[in-house]
Amino acid sequence: QELQPVLFPLVNYSSNPDFWDSAIKDSSWWQSYYDRYYRFILNYADLAALMDVEALIIGDPSVIQQMETFPDSEVRWLQLISEIRTRYTGKIIAAVSIPSNRDLPGWVSEVDQVYVLFSPDLSNSTDLIETFGAQMDSQVFPLVGNFGKPIIIGINNPSKTNSLKGCIDVKGPCLSYQNGDYSTNMMEQAQILNAAIVNSFSRPWVSGFISREYYPYIKVLDNGPSIH
């Protein structure tokens, strides 16, 4: 079967980790940021059209939560989606993080699919498959009724001992993974992936599954999220 590539443009703040905390964030600063971010995304919209890729994903978690603190964020995202559609005729997919400490934005209703970056807390589970399925039904399935869009599940649990804790997006990164035991635990990661795949493929409202941050070039043995 042929691969169907998609593009997911992400902003890398590794060279300036305090970017958001040190930003002025007044109206002129936001206007400048919006202008640059628009150019960034529209560049990838043009690239997606040129490459004839299946879809373009928007909603970088490290960006969206900060942008939504500004009053006209909803209008800005709607304008961006409209501009993307003038350049690219493929699918537009919105990335949303669940669980999250914020409400999902209304502009999600204007895209074609929803890509759920799903990382539930499984630490108290005695049956991972059952618990993962119950959390999908309670946390993800409501999106079907709210937005009426096909759902794609994305998992990026690292191969470390505390990965069962799950993740809440705070400024993008999964802070739950940055504390506690860092020891490599591939079995725990494999059990989470198994539960995610079994439940994703058993639910007709889920249209796809992605193992995020997979590194295909060499066999990795660290505690990162790439499957082993």
Side-chain angles (χ1 to χ4, degrees), residues 1-17 19-20 23 29-68 70 72-98 100 104-119 143 147-156 169 171-174 200 206-218 220 224-227:
Q1 186 174 358
E2 293 184 0
L3 294 176
Q4 296 178 327
V6 302
L7 290 180
F8 188 2
L10 299 172
V11 180
N12 187 342
Y13 296 103
S14 59
S15 63
N16 187 7
F19 175 81
W20 288 112
W29 185 94
W30 275 114
Q31 183 61 56
S32 175
Y33 184 84
Y34 280 132
D35 289 344
R36 288 179 290 168
Y37 188 68
Y38 274 31
R39 289 196 297 271
F40 174 72
I41 294 297
L42 294 177
N43 173 68
Y44 278 96
D46 291 338
L47 181 62
L50 181 65
M51 296 173 61
D52 193 28
V53 301
E54 181 76 8
L56 177 68
I57 303 175
I58 60 174
D60 180 346
S62 66
V63 173
I64 186 172
Q65 181 165 322
Q66 296 295 325
M67 288 178 67
E68 288 178 357
F70 198 67
D72 67 347
S73 171
E74 181 75 14
V75 173
R76 298 279 187 168
W77 281 102
L78 290 172
Q79 290 173 342
L80 179 57
I81 293 170
S82 178
E83 181 63 29
I84 291 171
R85 293 200 186 279
T86 67
R87 300 165 177 253
Y88 172 64
T89 59
K91 297 175 184 175
I92 301 178
I93 301 176
V96 300
S97 298
I98 295 179
S100 177
L104 296 185
W107 58 263
V108 174
S109 62
E110 299 303 313
V111 302
D112 304 302
Q113 292 181 310
V114 178
Y115 177 29
V116 179
L117 314 180
F118 192 45
S119 185
L143 271 63
F147 296 106
K149 308 293 183 181
I151 302 293
I152 301 170
I153 299 293
I155 298 294
N156 76 333
D169 64 298
K171 299 180 182 177
C174 294
S200 295
V206 176
S207 63
F209 177 85
I210 295 175
S211 177
R212 299 166 56 202
E213 297 190 41
Y214 172 55
Y215 191 75
Y217 305 107
I218 61 172
V220 290
S226 180
I227 58 176

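Quick caveat, the model's predicted, so the values are computed rather than measured.
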Which atom of [X] lies closest to which atom of [Y], heavy atoms considered:
X	Y	answer
I57	V6	CD1-CG2, 4.0 Å
A45	Y88	O-CB, 3.8 Å
Q66	W30	O-CH2, 3.2 Å
F209	S200	CD1-OG, 3.5 Å
V53	P5	CB-O, 3.4 Å
G59	I64	O-CG2, 4.1 Å

*Going from CZ on R85 to CG on D112, what distance comes out if it is rounded to the nearest 0.5 angstrom?*
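So the gap between those two atoms works out to 4.5 Å.
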
*Check the pair W77 / V111 against side-chain contact (heavy atoms from CB on, under 4.5 Å), numbers first and verdict last.*
CA-CA 11 Å; W77 281 102; V111 302; over 6 Å; no

_Within-4.5 Å side-chain heavy-atom neighbours: Y34 and S73_ =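 In short, these two side chains touch, coming nearer than 4.5 Å.
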
*asked:* Quick one, F118 and I151 - any side-chain contact, counting heavy atoms below 4.5 Å?
replied: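 Not touching, per the 4.5 Å side-chain cut-off.
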
*asked:* Angle between ring planes, F40 versus Y44, binned at 30° and 60°: parallel, tilted or perpendicular?
replied: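 Because their plane-to-plane angle is over 60°, the rings of F40 and Y44 count as perpendicular.
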
_Can you tell me how the ring of F8 sits relative to the ring of Y115, calling it parallel under 30°, perpendicular over 60° and tilted otherwise?_
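Perpendicular, since the angle between the ring planes exceeds 60°.
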
*Decide side-chain contact (heavy atoms from CB on, under 4.5 Å) for F147 and V96; before the verdict, give the C-alpha distance in whole Å, the side-chain angles of both, and the deciding distance to 0.1 Å.*
CA-CA 12 Å; F147 296 106; V96 300; over 6 Å; no

*Evaluation steps, side-chain contact (heavy atoms from CB on, under 4.5 Å), between N156 and I210*: CA-CA 9 Å; N156 76 333; I210 295 175; over 6 Å; no

*Begin with the C-alpha distance, continue with both residues' side-chain angles, and end with the deciding distance and a verdict on ring-ring contact (aromatic ring centres under 6.0 Å, His included) for F70 and W29.*
CA-CA 11 Å; F70 198 67; W29 185 94; 9.1 Å; no

*Report the C-alpha separation of R76 and Y38 in whole Å, then their side-chain angles, then the decisive distance to 0.1 Å, and conclude whether the side-chain contact (heavy atoms from CB on, under 4.5 Å) test is met.*
CA-CA 9 Å; R76 298 279 187 168; Y38 274 31; 3.5 Å; yes

